[in-house]
4 protein chains.
Amino acid sequence: MSEKEDLLVGEFPFIPRQVRAQQKREALLESGQALFTLNGYEQTTAKEIAAHAGVATGTFYRYFSDKRQLLMALLEDKIDNFLAPEPHWFSSNPESVLASLLEVRARRLQQSGLYRVLPEILSKDMELAEVMKEARLKIHERILFGLKQINEKGLTWNDLDLDTVAWSIMVLVENGHEKEKQSGNRVNYSEMAKVICRMVFPPDILEQLQNHNE
Amino acid sequence: MSEKEDLLVGEFPFIPRQVRAQQKREALLESGQALFTLNGYEQTTAKEIAAHAGVATGTFYRYFSDKRQLLMALLEDKIDNFLAPEPHWFSSNPESVLASLLEVRARRLQQSGLYRVLPEILSKDMELAEVMKEARLKIHERILFGLKQINEKGLTWNDLDLDTVAWSIMVLVENGHEKEKQSGNRVNYSEMAKVICRMVFPPDILEQLQNHNE
Amino acid sequence: MSEKEDLLVGEFPFIPRQVRAQQKREALLESGQALFTLNGYEQTTAKEIAAHAGVATGTFYRYFSDKRQLLMALLEDKIDNFLAPEPHWFSSNPESVLASLLEVRARRLQQSGLYRVLPEILSKDMELAEVMKEARLKIHERILFGLKQINEKGLTWNDLDLDTVAWSIMVLVENGHEKEKQSGNRVNYSEMAKVICRMVFPPDILEQLQNHNE
Amino acid sequence: MSEKEDLLVGEFPFIPRQVRAQQKREALLESGQALFTLNGYEQTTAKEIAAHAGVATGTFYRYFSDKRQLLMALLEDKIDNFLAPEPHWFSSNPESVLASLLEVRARRLQQSGLYRVLPEILSKDMELAEVMKEARLKIHERILFGLKQINEKGLTWNDLDLDTVAWSIMVLVENGHEKEKQSGNRVNYSEMAKVICRMVFPPDILEQLQNHNE
DNA sequence: CATGAATGAGCCTTCATTCAT
DNA sequence: CATGAATGAAGGCTCATTCAT
């Protein structure tokens, strides 16, 4: 077999250095995510992650200084996923907006499953805890701001504390994905959206909004 | 009191074995709770717990088969605290009932602080996770049952899914104590109760109920 | 068998707690010395030392924070051995004093063999290096002081630099024990003493001293 | 000079493989020496040496089978430096010969600093230890031979053991460079030479030799 | 031949658990 | 029954050495 033939077929699996390294890093991240999700953070060892990614222990430490750093790298990308995105009340029918928002978020979380380790870490990692706290605060403020806008237009209940409503929305959105576990069947995000909307809009106003936006 | 006097008085100050043992067990439980709360479960060693309780390391294992069992013993008493208690809608003014319920629960949780380790454990302990899940399910069912009762009497919104409402109530009650962290100031449980009630009762009906029960 | 009999024979191997612990510590120290001497400091692991002492790895860390600390404990006792003791020129026949001094020191060193690891450590442990340096300086000063005294009485060569002589004595004494390795046969410390004395005393004066002190 | 010119001029600036290889080897050796001297043998990693020499880790192993071999290569050249050179008593004024010999040797040692790692290695490398021992033995014999020659001519003290004198000279020469550390100021090698000569020559004979050789 | 990523044996250290006293 | 020293498995991490590119 000539060398040329070799080149045509044999060298195919060649991948430039950086890409390969990137892939390895990626594999480690994925393994980390999988194992953290499956067994928890403390229960997962660097060695296990490496093995699961198909590399040696030492390789782990080439890409990450330690377990914590890998987790941070994982969270960096996904931290937004863990937090409730704020709904936009005006853009269109609030209920359906909220419903799809809930669904998308739930799907993302379910995908990674990483949110399960967050509580475990937050108690040990003040830094991360602070980051998360601030992020939640920001979300809360955004929701509150949206509520204030529609409140000024007289669209909301006027006997509820908007701050508390904003907080309730955030909590419900954040936990929406967990309903599934409980009920077993698929979560009905429309119903959830309806309930959330009831905290904001009196029924008649909501109806107006929906008609208007159709 | 000198030792001699002790002898003269007889065996009175003698504390029966079981009592002494009970005291040690109690001390270990308290130390465990304190340290788990402070440093987390994994971060707390059996030696530390024993030292904090003023007994030898080996004594720890006379009262508990291992660290996990001590945690279980702690949880056994308090597991109800972690879960949202179901509100009783009829007994009196629903809002104030809910408000005090939220407050009591928050205070209990804050007191023990033990709920912080729950997430850490749940990932490792399928058994406990199952117990928790079932407990939540039961709570959910109870809330749902209550809702159905008042629904049959036409007291609730009739366009909301009661199952979803029940779940929302549970989630909000369960997370109520965390609002404090966010806002900084004390949580206003009355407002929270009001928001929750809005998911259940139309405003006019709620007013009726309140007048009626006063 | 009564308890009394037990006490007479059965409890013989009982050794009070502290003594036992002390023995274990001692065993670890000895093992450390033996292995450091045999294989060098870096080449010796805590695990090896523990195994050699007949205890588990963890036990090592009950008695010493780490390898370095064990070494320090070893050196604490013996640091004086590594250094040349100063001779007393007046007390009696200088040659024989020096000879026995050389011999005693050599025997001590040989016994421990620990001096072999010193150079290995000194390069890494600035602290220890400083301690050793100061100790040597002190020795040098003492020797120099002794030389000055006899120099004032006109007993020494008067064309030699006493500081250099003192240093030479120190070096020769410090290395005396190594002559053995070279020659194979036993070191003749008397001859060594004679040579050292020749750096200090003119032959006639030395003879006078010896006659006088006999 | 531009690259183009290079091409025009032809292959002149091309450095033959062997030369380039030689350069790399040289660079590695120098880096090894520098780092061994600075941080000690065990503390220096192959990676560091390679990086310091500006080559890849793997390249290190193309030139040296392992870290030890690099050290050996370093030592091979310099082993003579570590050992006391034998003085030539006749050539000229013994004192000045010895003084300059001491100084040259000290300078060489100071330059490489490599002698500092010797003790660390000797304990691990029986082979090297043997080589060193034999080298010292040879030096000793040469010094002894020189002493015997002048002894036969009646130039030395006749009541000293020449073997011991030879050993003392060797030790003092070997350690001469360390006096500096102690005293702080520069070592006065003339005084050191004088002291060493006193172990060999009676003062009057030394004076004769000096006059004779001037 | 150079490169530097990958390997994995092995060291240090901790800690849940046991057991002789 | 209490004690706390002892155990040793297991995790975190390093680094000499190899090997695919």
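Naming: A, B, ... by sequence-line order, numbering from 1 per chain.
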Engineer: Of the nucleotides dA9(E), dG8(F), dT17(F), which one has an atom closest to the side chain of T57(D)?
Structural biologist: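 For T57(D), the side-chain atoms sit closest to dT17(F).
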Engineer: Return the nucleotide paired to dA6(F): Watson-Crick means purine N1 to pyrimidine N3 with N6-O4 or O6-N4, wobble means G-U with N1-O2 and O6-N3, both under 3.5 Å.
Structural biologist: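 Looking at the geometry, dA6(F) pairs with dT17(E).
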Engineer: Give the rounded distance in Å between these two atoms: CZ of R25(C) and C1' of dA6(F).
Structural biologist: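 Going from CZ in R25(C) over to C1' in dA6(F) covers 17 Å.
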Engineer: Could you give the CD1-to-P distance, from I49(D) to dG4(E), as a whole number of Å?
Structural biologist: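 It works out to 17 Å between those atoms.
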Engineer: Report yes if a side-chain nitrogen or oxygen of K24(B) is closer than 4.0 Å to either non-bridging phosphate oxygen (OP1 or OP2) of dA2(F); otherwise report no.
Structural biologist: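 Answer is yes, contact under 4.0 Å.
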Engineer: Can E42(A) and Q43(B) be counted as having a side-chain donor-acceptor contact under 3.5 angstrom?
Structural biologist: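 The criterion, which ignores hydrogens and geometry beyond distance, is satisfied for Q43(B) and E42(A).
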Engineer: Which whole-number value in Å describes the distance from Y63(A) OH to dG12(F) P?
Structural biologist: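 About 20 Å, once rounded to whole Å.
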Engineer: Both G54(A) and R68(B) contact DNA chain E. Which one's nearest nucleotide lies toward the 5' end?
Structural biologist: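 Per heavy-atom nearest nucleotide, the more 5' residue is G54(A).
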Engineer: If you find the nucleotide of DNA chain F closest to F60(D) and the one closest to G58(B), which residue's nucleotide is nearer the 5' end?
Structural biologist: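 Mapping each residue to its closest nucleotide by heavy atoms, the 5'-most match is G58(B).
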Engineer: Provide, to the nearest angstrom, the distance between the CG atom belonging to L35(A) and the P atom belonging to dG11(F).
Structural biologist: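 Going from L35(A) (CG) to dG11(F) (P), I get 13 Å.
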Engineer: If we check side chain to side chain contact (heavy atoms under 4.5 Å, CB included) with V117(D), which of these qualifies: L74(D), L71(D), L122(D), T37(D)?
Structural biologist: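 Going through the options one by one, the only one that passes is L71(D).
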Engineer: Pick the nucleotide of DNA chain E nearest each of Q43(B) and V55(A); which residue has the one closer to the 5' end?
Structural biologist: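 It is V55(A), whose closest nucleotide lies nearer the 5' terminus.
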Engineer: Within the distance-only criterion (no hydrogens, no angle test), does the side chain of K67(B) pair as donor or acceptor with the backbone N or O of T44(B) below 3.5 angstrom?
Structural biologist: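 Side chain of K67(B) to backbone of T44(B), a donor-acceptor pair under 3.5 Å: yes, one is there.
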Engineer: Does Y61(D) have a side-chain nitrogen or oxygen under 4.0 Å from the phosphate oxygens OP1 or OP2 of dA2(E)?
Structural biologist: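 For dA2(E), neither OP1 nor OP2 has a side-chain N or O of Y61(D) closer than 4.0 Å.
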Engineer: Is the phosphate of dA16(E) approached by K67(B) (side-chain N or O, under 4.0 Å from OP1 or OP2)?
Structural biologist: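 Yes, within the criterion.
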Engineer: Only pairs with both distances under 3.5 Å count, Watson-Crick or wobble alike; so what is the partner of dC1(E) in this structure?
Structural biologist: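 With both distances under 3.5 Å required, dC1(E) matches none.
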Engineer: Within the structure provided, determine whether F64(A) and L29(A) are in side-chain contact (heavy-atom separation under 4.5 Å).
Structural biologist: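 SC-SC contact between F64(A) and L29(A) confirmed.
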Engineer: Nearest whole Å is fine: how far is dT3(E) C1' from K47(D) NZ?
Structural biologist: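 Interatomic distance, NZ of K47(D) to C1' of dT3(E): 12 Å.
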Engineer: Within the pair T45(A) and dG11(F), is there a side-chain N or O less than 4.0 Å away from OP1 or OP2?
Structural biologist: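 Answer is no, no contact under 4.0 Å.
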Engineer: Let me know the distance between CD of E48(B) and C1' of dT14(E), rounded to the nearest Å.
Structural biologist: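 Computing the E48(B):CD to dT14(E):C1' distance gives 12 Å.
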Engineer: Nearest whole angstrom, please: distance from the P of dT3(F) to the CG of L28(B).
Structural biologist: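 Nearest whole value for this atom pair: 10 Å.
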Engineer: State whether T59(C) places a side-chain N or O below 4.0 Å from either non-bridging phosphate oxygen (OP1 or OP2) of dT7(F).
Structural biologist: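 Looking at the OP1 and OP2 atoms of dT7(F), one of them is under 4.0 Å from a side-chain N or O of T59(C).
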Engineer: Rounding to a whole Å, what distance do you find between E42(C):CD and dA16(F):P?
Structural biologist: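 Nearest whole value for this atom pair: 11 Å.
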Engineer: For E127(A), check side chain to side chain donor-acceptor pair (under 3.5 Å) against everything at least two apart and list the hits.
Structural biologist: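 Only R68(A) meet the side chain to side chain donor-acceptor pair (under 3.5 Å) criterion with E127(A).
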Engineer: When you measure from the side-chain N and O atoms of R62(D) to the phosphate of dC1(E), is any distance below 4.0 Å, counting only OP1 and OP2?
Structural biologist: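 No.
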